[in-house]
Amino acid sequence: MGHYWQEISALTMRWVRRLSREKFSMLFTLVQPMLFWLIFFGNLFQRAADTDVMQAPNYISFLAAGVVVMTVLNNGLAGGVDLLFDKENGFLERLMSTPIHRSSVILSRFIFVMAITSLQVLVILGVSYLFGVHPATGILGIATILLIGMMFGVGLTAISMAMAFSVKSHGDFFSVLGFLSLPMIFLSSALVPLTAMPGWMSFLAQFNPMTWAIDAVRPLILSGWSEALPHVGMVIIVMLVFDALCLYGGAKAFRRAMG
Amino acid sequence: MDRTVAIDVSHLCKTYDGHKAVDDLSFQVYAGEIFGLLGPNGAGKSTTLRTLITLLHPTSGTATIMGYDSVHEADKVRTVIGYVPQERAIDRFLTGREHLQLLGALYHLSKEEATKRIGELLTLVELEAHADRPAKTYSGGMKRKLDIACGLLPDPKILFLDEPTLGLDVQSRLRIWEYVRMLKARGITVVMTTNYLDEADRLCDRLAIIDGGKIKTLGTPAELKIALGGDIVSLTLKEIDRIPTLEAELKGRPAITSVRATAKGLDIRVESPEKALPTILESANRLGCQIEFIQYNRPRLDDVFIAHTGRAITESIPETESA
């Protein structure tokens with residue numbers, strides 16, 4: 001157990017060090033979602049969006065939950081990128097030729113991605129606060145939002161890592177990534193409630209785990225516990241199933257790649 | 001020869017999608033030697049190496065490293081080996097020291113032990129002055145030195161080097177060769193792959209020439225060359241009709257292996273040119289055979305390679321540059 005922890009903490013430190021050496025990249029990683037979506041998109045549609053349809057006092061307060069979950073989505077889907085590079089330049093082989101638990105590398109990546117994502121979610125909620133969005137369920141609500149984010153993030157990161165281990169080249173990886181990301185956002189309740197969507201889109205959006213996550217995060221921000229709790233209960237079940245499927249697939253891909 | 005066996009490979013096969021990358025390979029590596037796997041790209045060298053360092057499971061056959069099975073006792077194997085990968089397996093954002101610290105933790109060294117070894121290794125590979133700079137600022141040679149320091153961090157019994165001088169300039173190559181010889185002097189067994197003939201010739205105690213997943217021949221570089229029949233002295237005679245006379249005279253003389261008439265003279269295989277040349281010249285003189293031209297060829301490893309694979313090593317597809 002002592003060895004296991006030594007491995008995981010050293011590998012996690014590596015990810016932290018890498019990020020801290022890329023100051024610009026770190027800044028943009030943190031700033032991008034709130035700049036693009038929350039500040040530009042949110043304010044752009046402030047008047048165009050119908051608050052009756054949104055069921056929210058204004059568009060930014062409606063959008064905040066969507067931006068939170070979109071951040072989880074993008075970080076999760078990109079979570080395997082660094083392992084992809086490690087695989088391509090041989091660093092992963094170097095790590096795997098040492099007497100470590102085979103799972104340490106993967107666990108370190110989960111821990112890192114979850115930590116960065118949580119930090120970003122807090123920044124987004126902080127910026128939303130400046131625009132007058134005050135989470136209705138307080139600190140406990142924020143903790144619940146982080147928990148939902150992490151549960152969704154684990155599955156996404158597992159998908160991303162499975163892809164990193166399976167693809168032949170990183171071109172393939174980024175093509176799939178680019179193809180997945182935007183449809184996932186448009187076919188969810190991130191930007192528009194399901195009730196306001198064309199029938200076929202709202203139908204598809206129902207099957208998007210992102211929709212479930214947003215539908216739980218949104219009342220935590222806008223309404224309060226009584227409205228949020230059923231959604232929170234539901235999303236936890238959905239995410240348990242989602243994570244189980246993703247982790248199973250991820251473990252299979254990892255075992256195939258690592259022998 | 002009764003020597004300690006460090007690695008024992010027995011009937012090793014590895015098949016990818018129906019293609020046999022390694023086909024029934026058997027060989028032994030002795031403790032304390034530099035053992036080379038020589039062959040063109042795609043010959044199966046890297047597959048063999050990856051099996052030995054537990055990263056690949058053989059389709060059939062076994063590999064035992066310091067008595068441990070590469071599949072069932074992979075964890076134990078990993079504690080006795082060091083690995084220097086072929087690609088520049090360097091994290092450009094980490095400093096040299098941070099690379100070694102990371103590996104120290106992965107080999108479960110205590111902080112004190114790790115700090116001590118890292119200091120020693122940085123001195124050994126002369127990277128102390130650059131230890132705290134990110135690796136992206138390193139030259140190719142410096143990266144390779146860091147690679148080797150990383151491979152040595154676990155204080156391995158066996159060090160595996162995958163194409164250690166691929167893409168390096170001449171000076172860096174000579175430097176790396178020096179390190180490898182020094183490691184041998186410290187008692188470390190070294191197993192390396194290479195597709196440079198001069199490297200195999202000058203560095204390896206023994207080598208296996210691999211092609212198409214099979215071992216074509218195995219021995220010391222000298223043995224492999226002698227197996228071709230030794231050095232060749234080629235004579236061109238002024239009078240072609242004297243060829244049979246000289247041929248008869250030289251056949252069966254000491255230090256001369258074989259004599260063969262050619263269109264203009266003789267091809268004489270000799271065991272040692274020092275002993276054979278005086279005999280040849282004296283005989284020619286005595287019989288009054290005037291020599292127009294004399295040429296002496298020592299077989300090179302290239303000739304060994306061609307003899308066993310039917311082509312020159314440079315005829316393989318050039319490797320795509322791995323940056």
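Computed over heavy atoms, backbone and side chain alike; hydrogens, waters and symmetry mates excluded. Numbered from 1 within each chain, the chains take letters A, B, ... in sequence-line order. For clarity, every value in this text was computed on a predicted model and none was experimentally measured.
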Under the side chain to side chain contact (heavy atoms under 4.5 Å, CB included) criterion, do B:D91 and A:F91 qualify, and how do the steps go? CA-CA 7 Å; B:D91 186 330; A:F91 204 87; 3.9 Å; yes
Tell me the residues of residues 110-128 of chain B whose non-hydrogen atoms fall below 4.5 Å from those of chain A, in number order.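 If one takes a 4.5 Å heavy-atom cut-off, no residue of residues 110-128 of chain B lies near chain A.
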When rounded to the nearest 0.5 angstrom, what distance separates [atom1] in [X] from [atom2] in [Y]?
X: A:R102; Y: B:D75; atom1: CZ; atom2: CG; answer: 6.5 Å
X: A:I100; Y: B:R78; atom1: CD1; atom2: CZ; answer: 8.5 Å
X: B:L55; Y: A:E93; atom1: CG; atom2: CD; answer: 5.0 Å
X: B:F93; Y: A:D82; atom1: CZ; atom2: CG; answer: 9.0 Å

Not counting sequence neighbours, which residues clear ring-ring contact (aromatic ring centres under 6.0 Å, His included) with A:Y4? List them please.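 Here the qualifying residues are A:H101.
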Before giving the answer on side chain to side chain contact (heavy atoms under 4.5 Å, CB included), spell out for A:R94 and B:D147 the whole-Å C-alpha distance, their side-chain angles and the decisive distance to 0.1 Å. CA-CA 10 Å; A:R94 185 195 291 275; B:D147 268 338; 2.3 Å; yes
Taking it one step at a time, do A:T98 and B:L103 satisfy side chain to side chain contact (heavy atoms under 4.5 Å, CB included)? CA-CA 8 Å; A:T98 68; B:L103 285 169; 3.8 Å; yes
Is the count of non-hydrogen atoms from other residues, nucleotides or ligands lying under 6.0 Å from A:L130 atom CG greater than 12?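 Yes, CG of A:L130 has more than 12 neighbouring heavy atoms, counting only those of other groups under 6.0 Å.
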If you count heavy atoms of other groups shown closer than 6.0 angstrom to CZ of A:F174, is the number above 12? yes
Do you know which of A:S97, A:A10, A:S20 has the most heavy-atom pairs with chain B at a distance under 4.5 angstrom?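 Highest number of pairs under 4.5 Å: A:S97.
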Going by side chain to side chain contact (heavy atoms under 4.5 Å, CB included), name the residues that satisfy it together with A:I142, two or more places apart in sequence or in a different chain.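 Per chain and number, A:I142 pairs via side chain to side chain contact (heavy atoms under 4.5 Å, CB included) with A:L122, A:L125, A:P135.
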Among residues at least two apart in sequence or on other chains, which ones pass side chain to side chain contact (heavy atoms under 4.5 Å, CB included) with B:E98?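 B:E98 satisfies side chain to side chain contact (heavy atoms under 4.5 Å, CB included) with A:R17, A:R21, B:L94, B:T95, B:Q101 once adjacent residues are dropped.
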Test your reading of the model: is there a side-chain donor-acceptor pair from A:Q6 to the backbone of B:L109, 3.5 Å cut-off?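 A pair under 3.5 Å: yes.
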Residue A:L11 versus chain B: region with a heavy atom under 4.5 Å: both
